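Counting starts at 1 for both ligands and their atoms, in listed order. In this text the structure is predicted, and so the values were computed from the model without any measurement.
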Amino acid sequence: MVMKPIQTLPGSEKQMDHKPIVDDITHQPAGKLKNKIALITGGDSGIGKSVAILFAKEGAKVVINYLNEHEDAQSTKTLIEKYGGEALLIPGDISNETFCRQLVEKTVKHFGRIDILVNNAGTQHQTQSLEDITTENLIHTFQVNVFAMIWITQSALPHMPKGSAIINTTSVTAYQGNALLLDYSATKGAIVAFTRSLSASLINKEIRVNGVAPGPIWTPLATATNDKEGNKHHGENTPLQRAGEPVEVAPSYLFLASKDASYMTGQVLHPNGGSIING
Ligand code: NAD
Ligand code: MG
């Protein structure tokens, strides 16, 4: 049954009672991303925020794109700076092709190149049935989740040197399906196929392309999708019987972004609470 979410999209961390855990204060940085430039979409909150903080701790300079959650984005930047890192905030709507291209241009103008591209922003609209999907929401979901990924990657590629890494956020829903998220699941399946295809097409450029397929994670997107009851039970049907925290997902991105994953391309990692999927 589809119910009223406790906040509206895109959702903000500020409005969540129980704040997601985005920073592992016990992490011992090892300079794995020293002097790298990383562009992260949806880096203001949730999984993207945790990735931005971890990348910065490991020595990367990060560019954070987000829709309009200025307070969340500022808090991410402030935390990164507290750790001695550098973050550039570029808000804007990636459902717009022109903005996607400007996002890359601004990044390159500021930092000169892109070593790591994390296509992580995403949106979803729960519906009770296929009939309830509006064309407007359908187009928007594909624009934000899939088209933007292609537009941003197209624009970024000329500025990505050999050895660069692209990491796309897909979802467990691509593998397991989700009866209330038909169109969203379809976008996430498209992302898996795009990731595999792009990895093959960039072999000669020596750019690795991988994905991360999180299970249910405690983030603003979750609270902007589920109602109060749904949020209480978010993740309970996983083998670990709980939702994951963003901080439990971010290390997968660090692995894929760093030299540690030099023999990995076209693959998807599954921080999903123990669900065994074929993929
Ligand atoms: P989140 O709300 O913290 O992050 C999503 C971000 O996407 C937002 O911060 C927002 O700024 C950005 N965004 C949305 N629409 C945008 C637009 N039109 N233009 C620019 N930016 C836009 O939530 P999250 O759960 O951390 O989501 C990150 C990614 O993880 C998404 O791709 C989501 O589909 C995926 N994911 C989440 C879960 C989960 O349970 N939370 C599970 C699997 C996959
Ligand atoms: Mg946000």
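- Under 2.8 Å from the Mg ion (ligand 2) lies an N/O/S atom of Asp44, whether from backbone or side chain.
- Using cut-offs of 30° and 60° for the angle between ring planes, the Trp218 and His234 rings count as tilted.
- At a heavy-atom distance under 4.0 Å, only backbone atoms of Thr170 (N, CA, C or O) approach ligand 1.
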Show, in sequence, the C-alpha distance, side-chain angles and deciding distance for Glu97 and Arg101, and conclude whether the salt bridge (Lys or Arg N to Asp or Glu O under 4.0 Å) test is met. CA-CA 6 Å; Glu97 179 182 348; Arg101 304 207 184 276; 2.9 Å; yes
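- For the side chain to side chain donor-acceptor pair (under 3.5 Å) criterion with Asn168, the lone passing option out of Asn145, Asn119, Asn120, Thr153 is Asn119.
- When distances to the Mg ion (ligand 2) are checked against a cut-off of 2.8 Å, Ser12 contributes no N, O or S atom below that limit.
- Judged by distance alone, the side chain of Asn231 and the main-chain N or O of Asn226 form a donor-acceptor pair under 3.5 Å.
- Glu58 places a side-chain N or O within 3.5 Å of a backbone atom of Lys32 that can act as its donor or acceptor partner.
- Heavy-atom contacts from other residues, nucleotides or ligands closer than 6.0 Å to NZ of Lys19 number more than 12.
- Here the protein heavy atom with the shortest distance to atom 4 (O) of ligand 1 is Ser45 OG, 3.9 Å.
- Ion pairing of Lys49 with Asp72 is absent here, as no side-chain N (NZ or NE/NH1/NH2) approaches a carboxylate O to less than 4.0 Å.
- Counting non-hydrogen atoms of neighbouring residues, nucleotides and ligands closer than 6.0 angstrom, the CD atom of Glu71 reaches no more than 12 such neighbours.
- With atom 43 (C) of ligand 1 as the reference point, the heavy atom nearest to it among Cys100, Ser95, Ala148, Pro214 is part of Pro214.
- A salt bridge links Lys57 with Asp23: the distance from a Lys NZ or Arg NE/NH1/NH2 to an Asp or Glu carboxylate oxygen falls below 4.0 Å.
- For atom 39 (C) of ligand 1, the closest non-hydrogen atom of the protein is Ile217 N, 3.5 Å.
- Polar contact with ligand 1: present for Glu69 (N/O pair, distance under 3.5 Å).
- Of the possible donor and acceptor atoms, none in the side chain of Ser171 sits under 3.5 Å from a partner among the backbone N and O of Ala174.
- Of the possible polar contacts, none joining the Ser185 side chain to the Gly177 backbone as a donor-acceptor pair under 3.5 Å is found.
- A donor-acceptor pair is defined here as one N or O able to donate and one able to accept, closer than 3.5 Å; such a pair exists between the side chain of Gln267 and the backbone of Thr265.
- Glu69 has its closest N, O or S atom to the Mg ion (ligand 2) at the position named OE2.
- Atom 18 (N) of ligand 1 has as its closest protein heavy atom Asp93 OD1, 2.8 Å.
- Nearest-residue assignment for atom 14 (C) of ligand 1 (options Gly122, Pro91, Gly11; heavy-atom criterion): Gly122.
- Scanning the protein for heavy atoms near atom 20 (C) of ligand 1, the closest one is Gly92 O, 3.2 Å.
- For atom 21 (N) of ligand 1, the nearest protein heavy atom (residue, atom name, distance) is Leu67 N, 3.5 Å.
- Using a cutoff of 4.0 Å between basic side-chain nitrogens and carboxylate oxygens, Glu248 and Arg242 are scored as salt-bridged.
- Close approach to Gly46 involves these atoms of ligand 1, each under 4.0 Å from a residue heavy atom: 3 (O), 26 (O).
- Look at Asp72 and the Mg ion (ligand 2): no N/O/S atom of the residue is under 2.8 Å from the metal.
- Using a 4.0 Å cut-off between heavy atoms, Lys188 contacts ligand 1 through its side chain alone, with no backbone atom that close.
- Polar contact check, His140 against ligand 1: no nitrogen or oxygen pair lies under 3.5 Å apart.
- The closest donor-acceptor contact from the side chain of Gln126 to the backbone of Leu181 lies at 3.5 Å or more, if one exists at all.
- By the criterion of a heavy-atom distance under 4.0 Å, neither the backbone nor the side chain of Lys49 is placed next to ligand 1.
- Across all their heavy atoms, Gly122 and Leu221 have their closest contact at O-CD1, 4.0 Å.
- Heavy-atom separations between Pro216 and ligand 1 include at least one value shorter than 4.0 Å.
- At the shortest separation from atom 30 (O) of ligand 1 among protein heavy atoms lies Thr169 CG2, 3.3 Å.
- Looking at Leu221 against ligand 1, both its backbone and its side chain come within 4.0 Å, counting heavy atoms.
- The protein heavy atom nearest to atom 37 (C) of ligand 1 is Ile47 CD1, 4.0 Å.
- Below 3.5 Å of separation, one finds no N or O of Pro220 facing any N or O of ligand 1.
- Between Lys77 and Glu81, at least one side-chain nitrogen of the basic residue sits less than 4.0 Å from a carboxylate oxygen of the acidic one, meeting the salt-bridge criterion.
- The 12-atom threshold is not exceeded at NZ of Lys36, counting heavy atoms of other residues, nucleotides or ligands nearer than 6.0 Å.
- Contact analysis leaves Pro246 out of contact with ligand 1, as no non-hydrogen atom separation drops below 4.0 angstrom.
- Note on ligand 1: His234 sits in its first shell, one or more heavy atoms being nearer than 4.0 Å.
- With a 4.0 Å heavy-atom cut-off, ligand 1 is reached by no atom of Gln124.
- With a heavy-atom cut-off of 4.0 Å, Ile94 touches ligand 1 through backbone and side chain alike.
- When Ala213, Ala121, Ser171, Ala222 are checked for heavy-atom proximity to atom 12 (C) of ligand 1, Ala121 turns out nearest.
- In terms of protein heavy atoms, atom 32 (O) of ligand 1 is closest to Asn120 O, 2.7 Å.
- Using a non-hydrogen distance threshold of 4.0 Å, Asp44 registers as a contact of ligand 1.
- By the criterion of a heavy-atom distance under 4.0 Å, the side chain of Tyr184, and not its backbone, is placed next to ligand 1.
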